[in-house]
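As the structure lists them, so they are numbered: ligands from 1, and atoms in each ligand from 1. Side-chain atoms are counted along with the backbone in the values below, which use heavy atoms only and exclude waters and symmetry mates. From a predicted model like this one, the values you see are computed outputs, not experimental measurements.
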Amino acid sequence: MSEAAPNSPSPYIDTTRPHPARMYDWFLGGKDNYPVDEEMGRKVLAIEPNVPVLAQMNREFMRRATGWLAAQGVRQFLDIGTGIPTSPNLHQVAQGVAPDARIVYCDNDPIVLAHAEALLRSHPEGSVDYVQADVRDSAAIVERASRSLDFSKPVALSLIALLHFVGDRTGPDGEAGAHEVVSGLVDLLAPGSYLVLSHVTADFQPEKAEQVGSLYQAGTASLHPRPRAEFAKFFTGLEFVEPGIVSEGEWRPELGEPIPGEEGIVKAGYSAVARKP
Ligand SMILES: C[S@@+](CC[C@H](N)C(=O)[O-])C[C@H]1O[C@@H](n2cnc3c(N)ncnc32)[C@H](O)[C@@H]1O
């Protein structure tokens, strides 16, 4: 972890360089970000002014997918790459349908841990827990999540707008890449579990995606937009639920509300939900 700034609110929170979780919070109009995050956020907006709308549409995908899963009877949720609390959070959506739902959140950014108390306000019939970990530590995440989730029963595993921050394996001995990370996690899930993903792509606007990628690379984290076929590969061995792979706003629009400004927007990502047979 980088050294924290002298005026940092916590020794673990580095306010000297932008962080994806805090930039995303800024795009969503949140208050849990710092001037470095806003500065980088404004540079991104100069390239793609629709990022705040796209971020809202991504949150809407989370709400629709989570509500739908709870309505299907899913009672256990593992959400990795949770982000800074943004109302409604995933547990509020799940427990709004099923008050006894049990949720475990996970993120590797200490800013999320610092705000975890807002995530941990469970309905008394259910539970909410938080694990601070990197998604690549899948075995450790599942072990710690097992304090409140029963992995012999179905779990909805969501990695929403996370995997484009995880690169590919760089060689046979390299660190696990995004696809190995997901398949490793899915292997630990019981039949009847679900995988919920959204992911940035360069398929629709390659030049803009490259420019935004360079900005992230220089200032914060490497960004790995993936084409549709690479996104589809995350679901190997799983059965897509309708409507399969779609872009922002297209996943079961009847389950939610349109986001102001979404009409006619050029898309930037893919979303899908699939079931483990
Ligand atoms: C764009 S935000 C998405 C937040 C939320 N899932 C949503 O879609 O609204 C991405 C989140 O992934 C987290 N993240 C990035 N790399 C990660 C990693 N290797 N392990 C765990 N979390 C990570 C960031 O800290 C950030 O909170």
Inset, instruction - Just need the protein heavy atom nearest to atom 24 (C) of ligand 1, so name the residue and atom and give the distance. - result: Asp107 OD1, 3.6 Å

Legend entry - Nearest non-hydrogen protein atom, atom 7 (C) of ligand 1: Tyr24 OH, 3.3 Å

Inset, instruction - Please check if any side-chain donor atom of Ser271 sits under 3.5 Å from a side-chain acceptor atom of Glu248, or the reverse. - result: no

Legend entry - Taking atom 8 (O) of ligand 1 as the reference point, the nearest protein heavy atom with its distance: Asn58 ND2, 2.8 Å

Legend entry - Candidate with minimal heavy-atom separation from atom 10 (C) of ligand 1, of Pro110, Ala133, Ala161, Gly167: Ala161

Legend entry - Contacting atoms of ligand 1, where contact means under 4.0 angstrom from a heavy atom of Val135: 18 (C), 19 (N), 20 (N), 21 (C)

Legend entry - Ligand-side contact atoms (ligand 1) for residue partner Ala21, heavy atom cut-off under 4.0 Å: 25 (O), 26 (C), 27 (O)

Inset, instruction - Using only heavy-atom distances, determine whether the side chains of Asp107 and Tyr130 contain a donor-acceptor pair under 3.5 Å. - result: no

Legend entry - Test: Asp32 and Arg22 ion pair at under 4.0 Å: no

Inset, instruction - Under 4.0 Å from a heavy atom of Asp109: give me the atoms of ligand 1 that qualify, with their elements. - result: 25 (O)

Inset, instruction - Check whether any side-chain heavy atom of Val182 lies under 4.5 Å from a side-chain heavy atom of Phe235, and answer yes or no. - result: no

Inset, instruction - Find out if a path of hydrophobic residues (ILVMFWY) with successive side-chain heavy-atom gaps under 4.5 Å connects Ile160 to Leu119. - result: yes

Legend entry - Nearest non-hydrogen protein atom, atom 18 (C) of ligand 1: Asn108 ND2, 3.2 Å

Legend entry - Residue part near ligand 1, for Thr82, under 4.0 Å between non-hydrogen atoms: backbone

Legend entry - Whether Arg59 lies under 4.0 Å from ligand 1, heavy atom: yes

Legend entry - Carboxylate-amine/guanidinium proximity below 4.0 Å for Arg226 and Asp168: yes

Inset, instruction - Indicate yes or no: does an N/O atom of Gly81 lie under 3.5 Å from an N/O atom of ligand 1? - result: yes

Legend entry - Note, Glu250 side chain near Pro243 side chain (heavy atom, < 4.5 Å): no

Inset, instruction - Using heavy-atom distances, let me know which of Leu163, Leu162, Asp134, Ile160 sits nearest atom 16 (N) of ligand 1. - result: Leu162

Inset, instruction - For Arg136 and ligand 1, answer yes if some heavy atom of the residue is under 4.0 Å from a ligand atom, otherwise no. - result: yes

Inset, instruction - Decide salt bridge (Lys or Arg N to Asp or Glu O under 4.0 Å) for Asp129 and Arg147; before the verdict, give the C-alpha distance in whole Å, the side-chain angles of both, and the deciding distance to 0.1 Å. - result: CA-CA 9 Å; Asp129 201 357; Arg147 289 184 297 214; 3.8 Å; yes

Legend entry - Under-4.0 Å salt bridge between Arg169 and Glu175: no

